[in-house]
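Inspection log for the structure reproduced underneath, given as structure tokens.
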Amino acid sequence: MNTVRVRFAPSPTGYLHIGGARTALFNWLFARQNQGKLVLRIEDTDTERLKEDSISQILSSMRWLGIEWDEGPETGGPCGPYYQSKRLDLYREEAERLIQEGKAYYCFCTPTELEEVRVSQHQAGEAFRYNGKCRDLLLSIAQKRIAEGEKAVIRLRIPASGQVKVKDLVHGEVKFSLDQFDDLVIMKSNGMPTYNFACVVDDHAMAISHVIRAEEHLSNTPKQVLLYEALGYEPIQFAHVAMILAPDRSKLSKRHGATSVEEFRDQGFLAPAIVNYLTLLGWSPGSDQEIFTPAESMDKFQLDKVSKKAAIYDTKKLTWINGQYLNSMNLDDVTRETIPFFLRKGLVTEEQAAEQYDTIRAVVSVVRDRVKTLVELTEAAEYYFKDVTEYEEKGQRKYFSSPGVAELLRKAHERLEQLEVFDVKHTEETYQILIEELGIKAGELIHPTRLALTGRTVSPGLFDVMALLGKDRCLARLKQAISFILQISI
RNA sequence: GGCCCUAUGGUCAAGUGGUUAAGACGCUGCCCUCUCAAGGCGGAGUCAGGGGUUCAAUUCCCCUUAGGGCUACCA
């Protein structure tokens with residue numbers, strides 16, 4: 001029985017974007033479904049593009065999403081180290097072995113020389129291809145030049161003709177003709193391995209069973225297959241999942257606004273909602289179900305049902321899903337997620353957040369089912385934490401301008417003032433009685449009151465608002481509104 | 001340029017050699033209603049184009065087109 005071992009192998013050149021997150025997610029689902037392991041490997045062989053804090057960002061984004069790796073940075077494991085920069089000896093050994101076996105050779109051509117070749121090939125209308133200059137250099141001579149300090153890369157010999165077949169779990173068999181491939185560089189002149197080489201060596205060394213990655217790598221795969229053969233490794237299963245594209249159909253990048261997991265978090269999206277959305281992007285259970293727990297996804301996920309078609313992510317649907325989670329998640333969890341947003345907005349201090357947790361929780365409770373993100377929630381909860389300093393203009397026109405409003409509010413004030421128990425039930429009763437007595441429509445009193453208490457035309461149910469604000473603040477805000485109305489009506 | 005992948009409403013998508021071509025988001029009409037949201041009932045909107053194969057193609061094949069990827073001492 002072969003154990004499933006998959007890996008997610010980001011290169012730390014930036015933050016984890018949603019495309020990477022989805023690749024990680026699919027790997028995770030597949031691993032868990034098959035009681036396998038997910039390995040996290042950091043592909044930090046490009047010393048120039050490496051970004052300092054990006055590893056910790058990637059790790060924390062994955063943790064936040066709840067994608068757990070079984071082996072990798074910070075968790076360790078039997079196949080470590082899990083940073084390619086710490087595995088250089090392995091790559092060198094394997095490259096050396098290929099040289100000894102005559103399957104690879106040193107190449108002393110400089111980047112400038114290669115560039116010249118490329119330019120002339122381009123002018124001649126030919127395909128770009130390494131011209132094979134160092135291909136037949138005698139090994140002893142090459143070694144001597146190395147010993148003298150000359151820089152060289154190591155290239156893999158690739159047959160000039162023939163075909164490579166890539167068996168892919170989502171695409172089926174894909175054929176490539178060899179005549180289009182260069183002798184590819186496997187070790188750079190700075191001693192670092194190239195992506196295709198390090199990837200193959202590590203996937204083998206880490207006993208990976210399935211490589212699940214983005215489709216951008218499909219065209220690299222024949223080269224990797226060739227490397228498997230050259231190195232004498234057992235072949236491996238590949239699955240290339242369609243990419244996630246930005247709304248303008250191009251590859252995800254910074255210029256598209258929010259594409260990183262962190263940015264989505266800052267915009268008030270919840271981790272399980274993002275995971276749910278990403279699960280549905282490029283995969284469908286084949287049923288009507290839209291809302292999934294990870295456990296359900298693990299149960300139903302099928303690699304061969306993964307879409308071959310690149311998907312454009314749609315914030316609107318993510319927002320909708322987020323709303324679903326916001327309303328159905330445990331209230332304490334939502335409250336905990338919301339508090340940082342309150343802090344950032346300056347609605348509460350850390351001490352207040354701790355002391356008044358129950359109140360905050362109550363506020364979140366009445367506000368959450370009418371908003372879709374935590375940012376919206378914070379916005380909608382402002383009335384509770386901040387005094388009303390202005391009234392929405394539209395509301396003023398609609399509700400504060402009719403004659404007799406001030407008097408109406410004054411009466412409401414009078415009645416509310418007499419209440420002993422100021423809760424939802426009693427405030428509502430009071431209003432009902434008053435409305436009946438005056439023979440008016442409920443809205444005639446409720447709308448101006450809402451505007452007076454919140455400064456807005458939109459809020460949670462009015463009596464929820466009242467109960468939460470408490471008697472003193474309600475009365476004060478009513479008074480304030482009355483004088484405001486009298487003032488503007490002059 | 002060469003090679004590879006892909007193509008069902010605006011977006012995500014189910015689906016099949018014969019269907020009125022699901023569903024979701026979004027948009028929209030109505031109902032409900034203290035606003036908003038939610039909910040309920042409706043609506044508009046799709047098989048990229050052209051050739052084949054076939055009694056029959058959205059479905060199979062080819063071409064075109066479009067999008068994406070690879071073609072680096074990036075990953």
Side-chain angles (χ1 to χ4, degrees), chain A residues 9-13 43-46 48-49 84 107 109-111 114-115 118 121-122 125-129 151-155 166 168 170-171 174-177 179-182 184-196 198-199 213-223 240 242-243 245 247 249-251 277 280-291 305 307-321 323 327 367-372 380 395 398-399 428 431 435 441-447 449-451 454 456-463:
Chain A
S11 97
T13 52
E43 307 217 325
D44 52 353
T45 55
D46 185 349
E48 283 174 23
R49 293 201 313 155
Q84 290 190 324
C107 168
C109 298
T110 63
L114 294 172
E115 188 51 35
R118 250 179 232 123
Q121 283 177 339
H122 181 65
E126 294 167 19
F128 302 143
R129 209 155 178 237
K151 293 273 184 203
V153 301
I154 298 175
R155 285 182 187 272
V166 174
D168 187 282
V170 345
H171 289 278
V174 185
K175 298 177 189 124
F176 296 84
S177 333
D179 55 20
Q180 53 175 308
F181 292 120
D182 269 342
L184 72 134
V185 174
I186 58 175
M187 293 294 283
K188 308 178 201 174
S189 58
N190 67 0
M192 296 298 257
T194 58
Y195 162 71
N196 283 304
C199 181
R213 70 205 344 172
E215 195 189 307
E216 58 184 313
H217 293 295
L218 182 56
S219 304
N220 280 315
T221 309
K223 300 175 199 166
H240 290 91
M243 302 181 59
L245 265 26
R249 297 208 138 273
S250 67
K251 210 172 166 178
Y277 177 66
L280 244 25
L281 199 57
W283 175 75
S284 160
S287 72
D288 286 356
Q289 193 175 358
E290 301 277 338
I291 304 297
K305 298 265 283 180
S307 177
K308 301 187 191 52
K309 182 192 166 195
I312 296 168
Y313 75 89
D314 176 19
T315 325
K316 292 215 178 90
K317 180 128 185 192
L318 206 210
T319 304
W320 176 77
I321 291 179
N327 290 311
V367 168
R368 68 160 167 176
D369 48 299
R370 25 186 51 87
V371 297
K372 294 199 167 66
K398 269 177 107 169
Y399 307 126
E428 186 163 8
Y431 258 51
I435 285 161
K441 281 196 283 187
E444 288 181 62
L445 180 57
I446 285 176
H447 294 312
T449 306
R450 165 174 292 112
L451 190 59
T454 66
R456 305 188 184 183
T457 55
V458 173
S459 83
L462 184 64
F463 307 105

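Lettering of chains follows the sequences in order, A, B, ..., and the numbering in each one begins at 1.
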For the pair A:T457 and A:K398, evaluate side-chain contact (heavy atoms from CB on, under 4.5 Å) and give the outcome as yes or no after the intermediate values.
CA-CA 9 Å; A:T457 55; A:K398 269 177 107 169; over 6 Å; no
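Atoms NZ (A:K309) and C1' (B:U46) sit 11 Å apart, rounded to a whole Å. Summarising the geometry, the separation between CG on A:N327 and P on B:C36 is reported as 17 Å, rounded to the nearest angstrom. Atom CZ of A:R155 is separated from atom P of B:A72 by 9 Å (rounded to the nearest Å). With rounding to whole Å, A:R450 atom CZ is found 12 Å from B:A37 atom C1'. Rounded to an integer number of Å, the gap from OH of A:Y399 to C1' of B:U35 is 6 Å. Atom CG in A:L184 sits about 12 Å away from atom P in B:C74, given to the nearest Å. Atoms CG (A:D179) and P (B:C3) sit 9 Å apart, rounded to a whole Å. Atom CG of A:N196 is separated from atom P of B:A72 by 11 Å (rounded to the nearest Å).
In this structure the side chain of A:L280 reaches within 4.5 angstrom of the side chain of A:E290, judged on heavy atoms. Using a 4.5 Å cut-off on side-chain heavy atoms (C-beta onward), A:R213 and A:C199 make contact. In this structure, the side chains of A:N220 and A:Y195 come closer than 4.5 Å at one or more pairs of heavy atoms. Contact of the A:R249 side chain with the A:I312 side chain is registered, since non-hydrogen atoms from C-beta on lie closer than 4.5 Å.
For A:L114, whose side chain is taken as the heavy atoms from C-beta onward, the closest listed nucleotide among B:A75, B:U35, B:C73 is B:C73. Listed nucleotides: B:C73, B:C4, B:C74. Nearest to the side chain of A:V174: B:C4. Minimum atom distance to the side chain of A:F176 is reached by B:C4, of the listed B:C36, B:C4, B:A75.
An OP1 or OP2 oxygen of B:C74 is reached within less than 4.0 angstrom by a side-chain nitrogen or oxygen of A:K188. Side-chain N/O atoms of A:R118 include one lying less than 4.0 angstrom from OP1 or OP2 on B:C73. Regarding contacts with the backbone of B:A75, a side-chain N or O of A:T45 is found under 4.0 angstrom from either OP1 or OP2.
Between B:U6 and B:C60, the two P atoms lie 12 Å apart (nearest whole Å). With P as the reference atom, B:G49 and B:U65 are 16 Å apart, rounded to whole Å. For the C1' atoms, the distance from B:C25 to B:A13 is 11 Å, rounded to whole Å. Using C1' as the reference atom, B:G45 and B:A24 are 15 Å apart when rounded to the nearest Å. Taking atom C1' on both nucleotides, B:G9 is separated from B:G40 by 25 Å, rounded to a whole Å. Between the C1' atoms of B:G52 and B:U59, the separation comes to 15 Å (whole Å). Taking atom C1' in both B:C61 and B:G17, one finds a spacing of 14 Å when rounded to whole Å. Distance noted for atom C1' between B:U20 and B:G15: 15 Å (whole Å).
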Does the protein touch nucleotides 59-70 of chain B at the base, only the backbone, or not at all? Give it as B, S and - per nucleotide, heavy atoms under 4.0 Å.
--------SSBS
Return a single string for nucleotides 19-29 of chain B, one symbol per nucleotide in 5' to 3' order, where B is base contact, S is sugar-phosphate-only contact and - is none, cutoff 4.0 angstrom on heavy atoms.
---BBBSS---
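Between A:I312 and A:A152, the residue anchored nearer the 5' end of RNA chain B, judged by the nucleotide with its closest heavy atom, is A:I312. With RNA chain B read from its 5' end, the first of the two nearest nucleotides for A:H171 and A:V153 is the one closest to A:H171.
At the heavy-atom level, A:G323 lies nowhere under 4.0 Å from the strands shown. Among the protein residues, A:P460 comes within range of the nucleic acid bases, having at least one heavy atom under 4.0 Å from a base atom. Nucleic acid contact for A:K175: sugar-phosphate only, since backbone atoms but no base atoms lie under 4.0 Å from a heavy atom of the residue. Residue A:L280 is in sugar-phosphate contact alone, with no base atom involved, counting any heavy-atom pair closer than 4.0 Å across all strands shown. Note on A:F463: a base of the nucleic acid sits closer than 4.0 angstrom, heavy atoms only. As judged by a 4.0 angstrom heavy-atom cut-off over every strand, A:K398 is placed among residues making no nucleic acid contact. The residue A:T194 sits close only to the backbone: its heavy atoms come under 4.0 Å of sugar-phosphate atoms, none of a base.
Between A:K372 atom NZ and A:L318 atom CG the span is 12.5 Å, to the nearest 0.5 Å. If you take CG on A:D168 and NZ on A:K308, they are separated by 9.5 Å, rounding to the nearest 0.5 Å. Between the CG atom of A:D369 and the CG atom of A:N327 there is a distance of 5.5 Å, given to the nearest 0.5 Å. Within the model, atoms CZ of A:F176 and CG of A:L218 stand 4.5 Å from one another, a figure rounded to the nearest 0.5 Å. To the nearest 0.5 Å, the span separating CD on A:E43 from OG1 on A:T13 amounts to 11.0 Å. The OG atom of A:S459 sits 10.5 Å away from the NE2 atom of A:H447 when rounded to the nearest 0.5 Å.
With hydrogens and angles left out, the side-chain atoms of A:H240 and A:T221 include a donor and acceptor closer than 3.5 Å. A:Y431 and A:T449 are linked by a side-chain donor-acceptor pair at a separation below 3.5 angstrom, with hydrogens and angles left out of the test.
Taking a cutoff of 4.0 Å between a charged side-chain nitrogen and a carboxylate oxygen, A:E115 and A:R118 qualify as a salt bridge. Salt-bridge formation is not detected for the pair A:K317/A:D314: no Lys NZ or Arg NE/NH1/NH2 atom is positioned less than 4.0 Å from an Asp or Glu carboxylate oxygen.
Stem regions annotated for RNA chain B: B:1-7 with B:65-71, B:10-12 with B:23-25, B:27-31 with B:39-43, B:48-52 with B:60-64, counting only runs of 3 or more consecutive pairs of Watson-Crick or G-U type with both contacts under 3.5 Å.
A donor-acceptor contact under 3.5 angstrom links the side-chain atoms of A:R370 to the base of B:U35.
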